[in-house]
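Residue numbers start from 1 in every chain, and the chains themselves are labelled A, B, ... in the order their sequence lines are given, proteins ahead of strands.
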2 protein chains.
Amino acid sequence: MQEAVQDILKKNQLSITGSRVKILELFLEQQGALAHGDIERRTGEKFDRVTVYRTLQVFLNKGIIHTIPTSDNSVLYALCKDDCGEGHHHDNHVHFVCDDCGTTMCLDDVTVPVIRLPKGFKFTQIQVVVNGRCKDCNRD
Amino acid sequence: MQEAVQDILKKNQLSITGSRVKILELFLEQQGALAHGDIERRTGEKFDRVTVYRTLQVFLNKGIIHTIPTSDNSVLYALCKDDCGEGHHHDNHVHFVCDDCGTTMCLDDVTVPVIRLPKGFKFTQIQVVVNGRCKDCNRD
DNA sequence: ATTATTTTGCAACAAAGTTGCATCTGTTTA
DNA sequence: TAAACAGATGCAACTTTGTTGCAAAATAAT
Ligand SMILES: [Mn+2]
Ligand SMILES: [Mn+2]
Ligand SMILES: [Zn+2]
Ligand SMILES: [Zn+2]
């Protein structure tokens, strides 16, 4: 785990600092997505709010994490699993929001479908967000 | 136009007030979606910010407008075309964001596809947001 | 026209996000 | 390994966005 964190930072030519290590650990030990607030809470207010913002921004630019649009328009972040790089995101999988437990997760195995657009429209990216009950919450 | 506005308000048992008429007009004379900020600007700061928030909230509850999730997590609103009512939205169409001109619009004729979820997951709603170049911007 | 009900604007507040700058930390080089 | 450098952090101050309570104003009902 420690190694994984260091690897990711080195691979992206980022200096290894307390906040980056800690925040990256949070993402690795968590299956769901994290909001900015979650991160602040779970780092035990160890880092300044500004540092968290800037760290997330750096991770986004480097293609280490991606944002997830949600129906309530809160900003969520999740690890990129694939080969995303600086300015090159290709996380074309479906996102799932459980209305029961509130977790938002990447369904890495569910690829986004092809959408037939009206004449004249060209797409570059398709985002799919599914709401419902997750696996765990249905097991009752 | 004036009539359409009055009709919608009456049909939803809403009293006819300056802000409601003006904001509804904005939506009717516009093909794309509007952000809260757009509305404030285009009403010429005629109404208090709080009034705009409350008006949009009322319209949302009544099923006159719906929100659109976007990749940059800004809140956008658009008219419901269908038979949405109080607490009953069924705007299951695809949304399109033009990266060129910035407009976000409802593709009312493009219905959201069925998504095959992993075992154990149940869905209640599927949101699809497509980014790309719109019809108008491709006409060059 | 009078009354009852909603809606509005204001003020005060809370939450979320940004920016500049001095200080500190991690990395590089000699 | 120590000094020098580049980059990251924390703080303060600020902006933007959204919320709440309440009195005044506008709308609807009688
Ligand atoms: Mn994802
Ligand atoms: Mn729509
Ligand atoms: Zn769940
Ligand atoms: Zn366009």
How many whole angstroms separate atom [atom1] of [X] from atom [atom2] of [N]?
{"X": "Ile39(B)", "N": "dG18(D)", "atom1": "CD1", "atom2": "C1'", "answer": "14 Å"}
{"X": "Lys46(A)", "N": "dG10(D)", "atom1": "NZ", "atom2": "C1'", "answer": "13 Å"}
{"X": "Leu56(B)", "N": "dT8(C)", "atom1": "CG", "atom2": "P", "answer": "11 Å"}
{"X": "Tyr77(B)", "N": "dT17(D)", "atom1": "OH", "atom2": "C1'", "answer": "11 Å"}
{"X": "Gln13(B)", "N": "dA29(D)", "atom1": "CD", "atom2": "C1'", "answer": "15 Å"}
{"X": "Gln57(B)", "N": "dT7(C)", "atom1": "CD", "atom2": "C1'", "answer": "15 Å"}
{"X": "Asp48(B)", "N": "dG18(D)", "atom1": "CG", "atom2": "C1'", "answer": "12 Å"}
{"X": "Tyr53(A)", "N": "dA15(C)", "atom1": "OH", "atom2": "C1'", "answer": "9 Å"}

Identify the two heavy atoms, one from Tyr77(B) and one from His36(B), that lie closest to each other, and give their separation to 0.1 Å.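 Distance-wise, the nearest heavy atoms are CE1-N, 4.3 Å.
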At their closest point, which heavy atom of Thr43(B) faces which heavy atom of Glu40(B), and how far apart are they? OG1-O, 3.0 Å
Given side chains that start at C-beta, do those of Phe59(B) and Leu9(B) come closer than 4.5 Å, heavy atoms only?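 Side-chain contact under 4.5 Å: yes.
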Does any non-hydrogen side-chain atom of Leu60(B) lie less than 4.5 Å from one of Leu56(B)?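 They are not in contact (no side-chain heavy atoms under 4.5 Å apart), so the answer is no.
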So, does Asn61(A) use its side chain to make a donor-acceptor pair with the main chain of Val58(A) at under 3.5 Å? no
Please answer whether the main-chain N or O of Arg133(B) pairs with a side-chain N or O of Asp100(B) as donor and acceptor at a distance below 3.5 Å.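 Between the backbone of Arg133(B) and the side chain of Asp100(B) there is no qualifying donor-acceptor contact (under 3.5 Å).
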What orientation do His66(A) and His93(A) show, parallel under 30°, tilted 30 to 60°, or perpendicular over 60°?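 Answer is perpendicular, since the angle exceeds 60°.
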Closer than 4.0 Å, any side-chain N/O of [X] to the OP1 or OP2 of [N]?
{"X": "Ser19(A)", "N": "dT9(D)", "value": "yes"}
{"X": "Arg20(B)", "N": "dT7(C)", "value": "yes"}
{"X": "Thr51(A)", "N": "dG10(D)", "value": "yes"}

Contact string for nucleotides 24-30 of chain C, one letter per nucleotide 5' to 3', B = base within protein heavy-atom range under 4.0 Å, S = sugar-phosphate only, - = neither, reads --SS---
Donor-acceptor pair present, Arg49(B) side chain and dG9(C) base, under 3.5 Å: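 By the distance-only test, no, there is no pair.
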Determine whether any donor atom in the side chain of Arg54(A) lies under 3.5 Å from an acceptor atom in the base of dG10(D), or the reverse, and answer yes or no.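 Side chain to base: pair present.
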Mapping Thr55(A) and Val50(A) to their closest nucleotides on DNA chain D, which lands nearer the 5' end?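 It is Thr55(A), whose closest nucleotide lies nearer the 5' terminus.
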